[in-house]
Amino acid sequence: MSATVSFKVPSARGPQPVTVSYARVGHGEPLLLLHGIGHHRQAWDPVIDILATERDVVAVDLPGFGASPGLPEGLPYDLPTTTAVFAALCEALDLDRPHVAGNSLGGLIALELGRERLVRSVTALAPAGFWSEAERRYAFTVLLTMRRIARGMPLPLVERLSRSAAGRTALTSTIYARPARRSPEAVVAETLALTGATGFDATLRAGGAVQFTDDVRDVPVTIAWGTRDRVLLRRQGVRAKHVIPQARLIRLPGCGHVPMPDDPALVSRVILDGSR
């Protein structure tokens, strides 16, 4: 069941109102799920029912993505602001230091929340921020190309392509290793989410200078990387392990950049094990 929550976030102009759309399901210790740039909370649909058997799961649309409106003027789409947004969100939803799992941009945010000791544990699936400059430029080019192509396609064409496995592969093979497993409805919805993401450009601009270089202490960290990631190459996982030496580094065989639909059972197990 989807809902929205509004709260105030500090800024140079004083507290600013932010509204976030989310879905909450399950029981157990709280688990916050954060998607990647250009995606929406439904990216977690392949695993959310499994996670909900053991966790109180809160899947959110990041500000400016999915059903969440963009940030108000005066709040930049940078990492400190995003961290403040999710700290305020947890307070508003009465989430006492939740576990957090994130993918790509969401993985970077999850690690920052861990570094600030705002969460109980972190599971980061192909997190951003461990790239070389050449790898960052490559990833940003891939993302911008995906968005440009999606925005240039009429909705009837997207709907027609989504009806066949070959069409779903053409639309989503950049981020999924097994794109044919996505449902036609999911592919149409995430294509619309990519084209309509009001926070996309500002988030990408803010990410140009991001490099995660600090250890995450006193919080259990799991970093998992798909062996078929075509956006953030898996050697970045080794770099992440050097930055966060105590982290568990796990391979996700046969998974792409967004691994949840590629192997829901494996990804669920990694998240549940990482949030013990």
Side-chain angles (χ1 to χ4, degrees), residues 31-41 43-44 46-48 51 57-63 65-66 77-80 82-83 85-86 89 98-116 118-131 135-136 139-140 142-143 175-176 199 203-204 206-207 210-216 219-244 246-252 255-263 266-275:
L31 170 64
L32 188 64
L33 300 180
L34 307 177
H35 63 77
I37 188 171
H39 227 308
H40 55 175
R41 66 174 184 268
W44 299 99
V47 299
I48 199 165
L51 299 175
V57 182
V58 179
V60 305
D61 283 322
L62 274 59
F65 298 92
Y77 286 83
D78 58 14
L79 201 51
T82 305
T83 303
V85 165
F86 283 106
L89 171 77
H99 302 283
V100 61
N103 174 224
S104 195
L105 168 64
L108 170 65
I109 296 167
L111 288 167
E112 185 67 12
L113 291 170
R115 193 179 70 82
E116 296 288 341
L118 297 172
V119 293
R120 306 182 198 192
S121 72
V122 175
T123 302
L125 309 175
F130 297 99
W131 41 44
E135 290 164 348
R136 184 198 64 76
F140 281 26
V142 169
L143 293 167
I175 59 172
Y176 302 128
T203 299
L204 209 61
V210 169
Q211 195 84 33
F212 199 91
T213 57
D214 293 337
D215 194 3
V216 178
V219 174
V221 175
T222 300
I223 296 169
W225 229 286
T227 60
R228 295 172 62 187
D229 194 326
R230 297 173 60 186
V231 180
L232 298 179
L233 307 181
R234 61 176 177 168
R235 60 175 172 257
Q236 294 170 42
V238 178
R239 268 186 226 129
K241 173 70 173 173
H242 285 305
V243 173
I244 311 168
Q246 300 303 313
R248 292 192 311 156
L249 179 59
I250 295 176
R251 292 170 68 251
L252 302 175
C255 290
H257 181 60
V258 181
M260 293 80 84
D262 288 332
D263 196 334
L266 175 60
V267 172
S268 298
R269 179 47 50 200
V270 167
I271 293 172
L272 290 173
D273 287 348
S275 58

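In this chain, residues are counted from 1 in sequence order. Because the structure is a prediction, the values reported are computed rather than measured.
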Keeping [X] on the side-chain end and [Y] on the backbone end, is there a donor-acceptor pair under 3.5 Å?
X      : Y      : result
His35  : Leu62  : yes
Lys241 : Arg248 : no
Asp263 : Leu266 : yes

Interatomic distance, [X] atom [atom1] to [Y] atom [atom2] [nearest 0.5 angstrom]:
X      : Y      : atom1 : atom2 : result
Leu113 : Phe86  : CG    : CZ    : 7.5 Å
Leu51  : His99  : CG    : NE2   : 11.5 Å
Asp229 : Gln236 : CG    : CD    : 8.0 Å
Leu204 : Phe140 : CG    : CZ    : 4.5 Å
Leu89  : Leu32  : CG    : CG    : 6.5 Å
Arg115 : Thr213 : CZ    : OG1   : 8.0 Å

Between Leu118 and Thr83, does the side-chain contact (heavy atoms from CB on, under 4.5 Å) criterion hold? Intermediate values first, please. CA-CA 9 Å; Leu118 297 172; Thr83 303; 4.0 Å; yes

Flag side-chain contact, heavy atom, 4.5 Å: [X] against [Y]:
X      : Y      : value
Val270 : Thr222 : yes
Arg234 : His257 : no
Tyr176 : Pro259 : no
Leu33  : Val60  : no
Val57  : Trp44  : no
Trp131 : Phe212 : no
Leu232 : Phe130 : no
Asp273 : Ile271 : no

*Evaluate the side-chain contact (heavy atoms from CB on, under 4.5 Å) criterion for residues Val100 and Thr123: first the C-alpha distance (whole Å), next the side-chain angles of each, then the deciding distance (0.1 Å), finally the verdict.*
CA-CA 6 Å; Val100 61; Thr123 302; over 6 Å; no

Query raised in the report: Is it the case that more than 12 heavy atoms not belonging to Arg235 sit under 6.0 Å from its CZ atom?
Result: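 Atom CZ in Arg235 is not crowded, with 12 or fewer foreign heavy atoms closer than 6.0 Å.
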
Check your understanding: Is Gln246 atom CD crowded by more than 12 heavy atoms from other residues, nucleotides or ligands, each under 6.0 Å away?
Key ->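 No, CD of Gln246 has 12 or fewer neighbouring heavy atoms, counting only those of other groups under 6.0 Å.
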
Which heavy atom of [X] sits nearest a heavy atom of [Y], and at what distance?
X      : Y      : result
Val219 : Gly114 : CG2-O, 3.7 Å
Pro261 : Val258 : CD-O, 3.5 Å
Ser275 : Ser121 : CA-OG, 3.4 Å
Leu34  : Ala110 : CD1-N, 4.2 Å
Gly107 : Pro127 : C-CB, 3.7 Å
Leu111 : Val216 : O-CG2, 3.9 Å

Is the closest side-chain donor-acceptor distance between Thr227 and Arg251 under 3.5 Å?
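Their side chains do not contain a donor-acceptor pair, so the 3.5 Å distance test is not met.
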
Taking only Lys NZ, Arg NE, NH1 and NH2, and the carboxylate oxygens of Asp or Glu, determine whether Arg41 and Asp61 approach each other closer than 4.0 Å.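 Yes, charged N to carboxylate O under 4.0 Å.
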
Residues which pass salt bridge (charged side-chain N to carboxylate O under 4.0 Å, His left out) with Glu116, listed by chain and number, not counting sequence neighbours |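 Counting only residues at least two positions away or on another chain, Glu116 forms no salt bridge (charged side-chain N to carboxylate O under 4.0 Å, His left out).
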
